[in-house]
Amino acid sequence: GAVVSQHPSWVICKSGTSVKIECRSLDFQATTMFWYRQFPKQSLMLMATSNEGSKATYEQGVEKDKFLINHASLTLSTLTVTSAHPEDSSFYICSTTWEGRGRDEQFFGPGTRLTVL
Amino acid sequence: EDQVTQSPEALRLQEGESSSLNCSYTVSGLRGLFWYRQDPGKGPEFLFTLYSAGEEKEKERLKATLTKKESFLHITAPKPEDSATYLCAVQGDGNEKLTFGTGTRLTIIP
């Protein structure tokens, strides 16, 4: 099946710094990528939807100036958490749908654990 | 607004003891209901998609069923390697957004 990778798998940073998380589709072209956030014992919450070559669509309550998303190619989307604070500590997961397998199946990356000190 | 409620929150079973997990949902026009498995510290792994009431799908020891208000994930004769959190999600008409429940944490005791 389709494979989605994320880098880094975990990151620890100081409050006020920015962190970039990469999401790559390894064996197919992903026109749409989704970014989720998951707090301990809570469900995955969609943050934003990004389409290659256009601006991301953010969910209500998600600050677009704090969570910068770039989807510059069909295989790479990046999420930058700007001026991170401890409350941004979470598990960030990307996903994508693959046209070849039908748009109903979303493939998820392995996730990135962000800890802000 | 789409909503998904999963129960129980946690379930401990002896190896070989069959049971069912519940997913209740409200959605404006169901495009699909999804089941995922998530191991600690990892992303969700796709299991099933169900599209209409009455539909059933099976994979090894798992079977998913769907009605107009809920879905069940039946696990038959589970093994310790089936221990994981099982997530249910719905997708409404006209969009690709998935709304997830909080999951059921399943533990199979050898």
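Residue numbering restarts at 1 for every chain, and letters A, B, ... go by the order of the sequence lines.
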Requested in this report: Might you point out which heavy atoms bring S43(A) and G101(B) nearest each other, and give the distance in Å?
Outcome: CB-O, 2.9 Å

Query - Verdict with reasoning, Q38(B) to Q38(A), per side-chain hydrogen bond (donor to acceptor under 3.5 Å, both in side chains) - result: CA-CA 12 Å; Q38(B) 186 176 27; Q38(A) 186 178 33; 3.0 Å; yes

Report task. Might you confirm whether atom NE2 of H85(A) has over 12 heavy atoms from other residues, nucleotides or ligands at distances under 6.0 Å? Result -> yes

Report task. Count the heavy atoms of every other residue, nucleotide or ligand shown that sit under 6.0 Å from CD of E87(A), and state whether that count exceeds 12. Result -> yes

Report summary line: Distance col, row L98(B):CG vs M45(A):CE, nearest 0.5 angstrom, shows 12.5 Å

Requested in this report: Inspect the surroundings of CD in E1(B) and state if more than 12 heavy atoms from other residues, nucleotides or ligands are less than 6.0 Å away.
Outcome: no

Query raised in the report: So which part of Q6(A) gets closer than 4.5 Å to some heavy atom of chain B, the side chain, the backbone, both or neither?
Result: neither

**Report entry** Intermediate values then yes/no, side chain to side chain contact (heavy atoms under 4.5 Å, CB included), Y36(B) and L44(A)
**Finding:** CA-CA 12 Å; Y36(B) 288 87; L44(A) 278 76; over 6 Å; no

Query raised in the report: Given the options G43(B), G41(B), P44(B), which has more heavy-atom pairs under 4.5 Å with chain A than any of the others?
Result: P44(B)

Query raised in the report: Does NZ in K79(B) sit with more than 12 non-hydrogen atoms of other residues, nucleotides or ligands closer than 6.0 Å?
Result: no

Query raised in the report: Considering residues, nucleotides and ligands other than K57(B), do more than 12 of their heavy atoms fall under 6.0 Å from its NZ?
Result: yes

